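What follows is one structure encoded as structure tokens, with my remarks underneath.
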Amino acid sequence: TQSTRPQRILGAVQKNATRGDPRSVVRAIDQYCRNQEWAMNVGDEKGCILDSVVSEVNPATVLELGTYCGYSTVRIASLLPPHAKLITLEFNPEFAVIARQVIAWAGLEDKIQLVEGASGDLIPKMKEQFGVETFDLVFLDHWKDRYLPDTKLMEECGLLRKGSVLLADNVICPGTPEYLEFVRSSPRYESQYFKSHLEYTKVEDGMEKSVFLG
Ligand SMILES: Cn1cnc(CNC(=O)c2cc(-c3ccc(F)cc3)cc(O)c2O)c1
Ligand SMILES: [Mg+2]
């Protein structure tokens, strides 16, 4: 039977990456998606912007919206301090099955909790079910029309504190116009645009970093 793209990405990791070496997992996915078939990982170019923001924030608690195959999950977790935790939400069970195996290959199961379900349903349960107070860093990379409603929901649920950083992928391609307008015009956020390119292409894309001012 035909394999799926996520299954082929997992195969590339198991073939080319070293177990327990997260950066080799990141490299194996980038090489596969650049040379064999495109996939919607944040990729190596925008990944460097992600790395610099993670290193600058040095977060104890991270929320990722949109796991896909776990590329950015592994990339972020590989930079976290010892007791830091990353919660990643994925709606698509097929993606979740692959991401769990990619995370395991990287040896990062202890830092990462992958939760299956819709972000709009799970965000209100974060405190009670996952023992989270607030998030130091949120990486938005899920359905582009959910960036704004989920940001408002995180505010309402008290999951953001003064200084919490939101980093949003794809604000140009596919684009998140309502989200961008909101964070750039709201007095409660300080936003900065990082110009880049759509993963593995020359098409313009970018990431928006927004600090919640409380
Ligand atoms: C189905 N699904 C489950 N999760 C998601 C959320 N992610 C995206 O939609 C997404 C899409 C693209 C993209 C796709 C086609 C194209 F021509 C250009 C860009 C790039 C990304 O980096 C993304 O994160 C979608
Ligand atoms: Mg993306």
Side-chain angles (χ1 to χ4, degrees), residues 2-10 12 25-26 28-54 62-79 86-103 112 114-123 137-151 153-154 165-180 183 191-210:
Q2 266 295 320
S3 67
T4 65
R5 186 171 316 198
Q7 284 170 334
R8 294 192 290 273
I9 288 170
L10 174 61
V25 168
V26 166
I29 295 174
D30 279 332
Q31 283 172 349
Y32 180 76
C33 293
R34 187 173 284 284
N35 304 324
Q36 307 304 319
E37 60 177 325
W38 186 92
M40 60 181 174
N41 318 115
V42 75
D44 40 4
E45 189 181 325
K46 288 187 288 178
C48 287
I49 299 167
L50 175 62
D51 290 352
S52 64
V53 171
V54 172
V62 182
L63 176 63
E64 176 181 62
L65 302 177
T67 316
Y68 188 42
C69 295
Y71 172 92
S72 50
T73 323
V74 165
R75 189 158 188 143
I76 294 167
S78 73
L79 298 173
L86 187 161
I87 294 176
T88 183
L89 310 185
E90 179 49 61
F91 177 75
N92 183 316
E94 186 200 309
F95 295 166
V97 162
I98 298 298
R100 291 188 197 285
Q101 297 174 78
V102 169
I103 291 162
I112 296 164
L114 194 164
V115 187
E116 289 182 50
S119 52
D121 299 336
L122 292 169
I123 285 169
L137 174 66
V138 182
F139 179 50
L140 298 94
D141 193 22
H142 59 331
W143 287 330
K144 307 316 160 194
D145 61 359
R146 289 298 313 176
Y147 283 27
L148 183 52
D150 285 345
T151 296
L153 193 55
M154 285 186 286
V165 172
L166 306 183
L167 185 65
D169 189 27
N170 310 116
V171 297
I172 303 299
C173 178
T176 63
E178 301 85 5
Y179 173 79
L180 221 39
V183 289
S191 281
Q192 181 182 4
Y193 177 63
F194 293 84
K195 184 176 163 61
S196 186
H197 295 94
L198 177 69
E199 48 267 27
Y200 318 116
T201 78
K202 292 187 167 60
V203 172
E204 182 177 343
D205 189 16
M207 302 176 97
E208 189 84 357
K209 176 192 168 195
S210 305

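For ligands, and for the atoms within them, numbers begin at 1 and follow the listed sequence. Quick caveat: nothing in here was measured; it's all calculated off a predicted structure.
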(request) Provide, to 0.1 Å, the distance between atom 11 (C) of ligand 1 and the closest protein heavy atom, together with that atom's residue and name. (result) Pro174 CG, 3.7 Å
(message) I need the Trp38 CH2 to Glu199 CD distance, nearest 0.5 Å.
(response) 5.0 Å
(request) Start with the C-alpha gap between Lys46 and Phe194, add the side-chain angles, then the distance that decides, and say whether side chain to side chain contact (heavy atoms under 4.5 Å, CB included) holds. (result) CA-CA 9 Å; Lys46 288 187 288 178; Phe194 293 84; over 6 Å; no
(message) At less than 4.0 angstrom from any non-hydrogen atom of Asn170, what atoms of ligand 1 do you find?
(response) 20 (C), 21 (C), 22 (O), 23 (C), 24 (O)
(message) As a test of reading the structure, name the N/O/S atom of Asp141 that is nearest the Mg ion (ligand 2).
(response) OD1
(request) Please could you name the atoms of ligand 1 that Leu198 approaches to less than 4.0 Å, counting only its heavy atoms? (result) 18 (C), 19 (C)
(message) Please confirm whether the ring centroid of His142 lies under 6.0 Å from the ring centroid of Tyr68.
(response) no
(request) Record the part of Asp141 in heavy-atom contact with ligand 1 below 4.0 Å; permitted values are side chain, backbone, both and neither. (result) both
(request) Using 2.8 Å as a strict upper limit, say whether an N, O or S atom of Met40 approaches the Mg ion (ligand 2) that closely. (result) no
(message) Surrounding OH of Tyr32 (heavy atoms of other residues, nucleotides or ligands, distance under 6.0 Å), is the total greater than 12?
(response) yes
(message) Using a strict threshold of under 4.0 Å (side-chain N to carboxylate O), is an ion pair present between Asp30 and Arg34?
(response) no
(request) Give the residue and atom name of whichever protein heavy atom lies nearest to atom 1 (C) of ligand 1, and the separation in Å to one decimal. (result) Trp143 NE1, 3.9 Å
(request) Determine whether the side chain, the backbone, both or neither of Phe95 has a heavy atom under 4.0 Å from any heavy atom of ligand 1. (result) side chain
(request) Please indicate, with yes or no, if any protein heavy atom is found under 4.0 Å from atom 17 (F) of ligand 1? (result) no
(message) Which atom name would you report as the N, O or S atom of Asp169 nearest the Mg ion (ligand 2)?
(response) OD2
(message) Could you check whether Asp205 pairs with Lys202 (Lys NZ or Arg NE/NH1/NH2 to Asp/Glu carboxylate O, under 4.0 Å)?
(response) no
(message) By the definition side chain to side chain contact (heavy atoms under 4.5 Å, CB included), identify the one residue from Thr4, Ile98, Ile29 that meets it with Ile9.
(response) Ile29
(request) Output the list of atoms in ligand 1 that are nearer than 4.0 Å to some heavy atom of Trp38, sorted by atom number. (result) 13 (C), 14 (C)
(request) Indicate yes or no: does Arg100 engage Glu116 in a salt bridge with an N to O separation below 4.0 Å. (result) yes
(request) Number the atoms of ligand 1 from 1 as they appear, then name those within less than 4.0 Å of a heavy atom of Met40, with their elements. (result) 2 (N), 3 (C), 4 (N), 5 (C), 7 (N), 8 (C), 10 (C), 11 (C), 20 (C), 21 (C), 22 (O), 23 (C), 25 (C)
(message) For Leu122, run the side chain to side chain contact (heavy atoms under 4.5 Å, CB included) check against Ile87, Leu89, Asp150 and tell me which one passes.
(response) Leu89
(request) Select one of side chain, backbone, both or neither to describe which atoms of Asn41 lie under 4.0 Å from any atom of ligand 1, heavy atoms only. (result) neither
(request) Measure Asp169 to ligand 1 on non-hydrogen atoms and call it side chain, backbone, both or neither using the 4.0 Å cut-off. (result) side chain
(request) Assess Glu199: does it contribute an N, O or S atom lying under 2.8 Å from the Mg ion (ligand 2)? (result) no
(request) Look up atom CE in Met40 and atom CZ in Phe95, then write down how far apart they are to the nearest 0.5 Å. (result) 4.5 Å
(message) As a test of understanding, state which of Leu86, Asp51, Ile112 forms a side chain to side chain contact (heavy atoms under 4.5 Å, CB included) with Ile76.
(response) Leu86
(message) Students should be able to answer this: which protein heavy-atom is nearest to atom 7 (N) of ligand 1, and at what distance?
(response) Lys144 NZ, 3.4 Å
(request) Identify, for atom 22 (O) of ligand 1, the protein heavy atom at the shortest distance, and state residue, atom and that distance. (result) Glu199 OE2, 2.5 Å
